[in-house]
Structures are given as C-alpha cells and as structure tokens.
Amino acid sequence: MHQINADLHCHSNVSDGTLTPEAVAERAHRNGVALWSLTDHDEIGGQHRARDAALRLGMAYLPGAEISVTFADKTVHIVGLGFDPDHPQLVQGLAATRNGRERRAQDIAAELAKAGIPGAFEGALKYVGNPDLISRTHFARYIVETGLCSDSHEVFRRYLADGKPGFVPHCWARLADAVRWIAEAGGVAVIAHPGRYGFTPNEEFALFSEFKAHGGQGVEVVTGSHTVPEYQQYADMAIEFGLHASRGSDFHDPTESHTDLGTLPALPKSVRPVWELLEDRILRA
Ligand code: AMP
Ligand code: MN
Ligand code: MN
Ligand code: MN
C-alpha cells in the first residue's frame, strides 16, 4: 500500500494552477500516478472533469479540495479527500469561503498601488481561470510579467507574504467548520503541509489537537512543501497523534512548481497511508 504512486494534492486553473483539470490528469498519468486527487483551493468546480479524465486514463481518483482556514491568526490549509462533491453542506461552505476573495483582491491591488505597482487588479485578472477564485498567485504572475520580480517566489517574499506591503489579512473558514463539511460529505480531512506555517511547537500542538478533536484524520507527510527532514518529523507527529499520512506534490504549473506530479519519495514505512481509510471512496474505471 505504501508503494502506490499517490498524488493527493495539486491545482488546476479552476483555482491557482495554470493547466486545465484534463491537462493535470494527463500529466499525472504520464508521470506514473496511479491514485490521483485534484485539490483546488476552496473550489470543487473541477471535480467532475478531473474524475472523468482520470477514469478515461485508467487512473484511480479521489475527489478533493484544499480549504483555507484561519487558525491562531494564521492561514492553515485543510485538504479534504474522498467526499461527495455534490454534498450541499460542503458546496455551501466552500462558496462562503470563496466569497470574500474579490473584495480582498481589490484591497491587495490598492496596497500594491501604494507600493508603486498600479493596475494590479486588472493585471491579475488576466491570469484568472475562474472569476470566483482570485488568489495571490494570480497577482504574483502579473508582477512577474511587469519585470519587477523574476519569479513568483520572489514576489511573495517581497510583496505578498504576511507582513509585506501587498499583504491583506483575511478571515477564512473556521477549522471546526472545514473539518465538519468534509466529514459530512463522507470524506477525510488532512492537515496540508504543516511544515509551512511557521508555528511555534505550542501552536502546532494546538492545531493537531484541535484538528483531531474535530474529527480530522490525516496529515501531509511527504509534500512538495516539506524538506526531507520534515518527512520524518511529520511522520513522527502522525504517529503521535494517531493520524494517517498523505502524499502530494502541490503542483501548480510546469515551470513555477518545484515538484512535479507523482515524483516525490514514498511515505515512510512507519506511517499508515491515508488512502487505507478511503478504500471504498476510491473511484475506478
Ligand atoms: P491565497 O489563497 O490567495 O492566499 O494564495 C495562496 C497561494 O499562494 C498558495 O496556495 C500558493 O499557491 C501561493 N503561495 C503562497 N506562498 C508562496 C510562496 N512563498 N511562493 C510561491 N507561491 C506561494
Ligand atoms: Mn496555490
Ligand atoms: Mn496550501
Ligand atoms: Mn495547494
């Protein structure tokens, strides 16, 4: 079970990726992925297309999404896997989570204008595939286009990360709600890339404990956002908290992403893969 090439975290142009759901499916399949999930941010509008493309290619599929949550004044991402993408509570919860994005984008553009980058709202919109989902990534692509920064990582470092001139605080979903929407729709909730949040050990303990208390069952261990030592660190955390482990590239784009679909190492032998919990939710041709 550990050896399955599962990629359970990536994005299409239905959120802030650049490829269509079909093109992400083809790339995953070409790279040897056998179990795939498309996990667009706060959005399940690509799920039927992703499932159809996966099954056409003979790849097993789990419905997915990456939900933005505010926890301890920071943004935390919760991946949901194996849910019913038409479940009303989940559909409504995600719609509410997406709701403030356009307003926030206007505020980000106003802050960027003050920092000497005018026209960023219209600039970012050129990169948006889904008008309901304007993200900081679209601003980053526009700022790279202006020549001010050479890649999107530099844009985040200089303008868009927390505390930088173009950062606008935002209140996302509550942890309890995100976990509940996923569970009510029959899925499993997974803490995405815990190594990225910069939490103190106490804050991290609080996140894992509360997540578990709300019914969360998984944590990403092998992800494109973790270093090799973090694979072991979060494998140990998974065992300590009785969570199943997930694996995903967080692929967004062939040139921007550090990690391509399906190319990460296998999960450490010590953990239980999250797909063992999802056997009866996996869709096969
Ligand atoms: P948003 O949901 O609009 O806040 O945008 C978050 C997205 O920005 C993440 O999902 C990543 O795709 C991207 N992102 C965040 N931090 C960075 C970074 N340091 N470098 C490149 N992309 C980033
Ligand atoms: Mn993203
Ligand atoms: Mn994320
Ligand atoms: Mn992601």
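Not measured: the values here are computed from a predicted model. Remember, it's 1-based here, ligands and their atoms both numbered in the order they're listed. Atoms considered below: every heavy atom in the structure, side chains included; atoms not considered: hydrogens, waters and symmetry mates.
- A side-chain donor from one of Thr137 and Ser135 sits under 3.5 Å from a side-chain acceptor of the other.
- The CG atom of Leu38 sits 12.5 Å away from the CZ atom of Arg51 when rounded to the nearest 0.5 Å.
- Counting protein heavy atoms only, atom 20 (N) of ligand 1 is closest to His153 ND1, 3.0 Å.
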N/O donor to acceptor pairs below 3.5 angstrom from side-chain atoms of residues 17-25, sequence neighbours left out:
from	atom 1	to	atom 2	distance (Å)
Thr18	OG1	Asp253	OD1	2.5
Thr20	OG1	Ala23	N	3.0
Glu22	OE1	Arg49	NE	3.4
Glu22	OE1	Arg49	NH2	2.8
Glu22	OE2	Arg49	NE	2.9

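- At least one N, O or S atom of Glu66 sits under 2.8 Å from the Mn ion (ligand 3).
- With rounding to the nearest 0.5 Å, the separation of CD in Gln47 from OG in Ser12 is 8.5 Å.
- Below 4.0 Å from some heavy atom of Asp16 lie the following atoms of ligand 1, by number and element: 7 (C), 10 (O), 12 (O).
- Of all atoms in ligand 1, listed by their number and element, those nearer than 4.0 Å to a heavy atom of Ser135 are 3 (O), 5 (O).
- Within the coordination shell of the Mn ion (ligand 3), defined by N, O or S atoms under 2.8 Å, His9 is absent.
- Atom 6 (C) of ligand 1 has Arg136 NH2, 3.7 Å as its closest protein atom, hydrogens excluded (heavy atom only).
- With side-chain heavy atoms closer than 4.5 Å counting as contact, directly or through intermediates, the hydrophobic cluster containing Ile134 also holds Ile108, Leu112, Ile117, Phe121, Leu125, Tyr127, Val128, Phe139, Tyr142, Ile143, Val144, Leu148, Val155, Phe156, Tyr159, Leu160, Val168.
- Not one N or O on the side chain of Asp7 forms a donor-acceptor pair closer than 3.5 Å with the backbone of Leu261.
- Looking only at its N/O/S atoms, His77 has ND1 as the one nearest to the Mn ion (ligand 3).
- Distances from ligand 1 to the non-hydrogen atoms of Arg101 include at least one value under 4.0 Å.
- Summary of contacts: the protein heavy atom closest to atom 7 (C) of ligand 1 is Thr137 OG1, 3.5 Å.
- Metal site remark for the Mn ion (ligand 2): Asp16 contributes an N, O or S atom at a distance under 2.8 Å.
- The distance from atom CZ of Phe211 to atom CG of Leu175, rounded to the nearest 0.5 Å, is 7.5 Å.
- Scanning the protein for heavy atoms near atom 14 (N) of ligand 1, the closest one is Phe156 CZ, 3.2 Å.
- Nearest residue to atom 1 (P) of ligand 1 from Glu256, Arg104, His41 is Arg104 (criterion: closest heavy atom).
- Counting just the N/O/S atoms of His41, the one with the shortest distance to the Mn ion (ligand 2) is named NE2.
- In plain terms, the two heavy atoms of Pro273 and His244 that are nearest each other are O-CD2, 3.4 Å.
- His48 and Asp86 share a side-chain donor-acceptor pair at under 3.5 Å.
- Between His252 and ligand 1, at least one N/O pair is under 3.5 Å apart.
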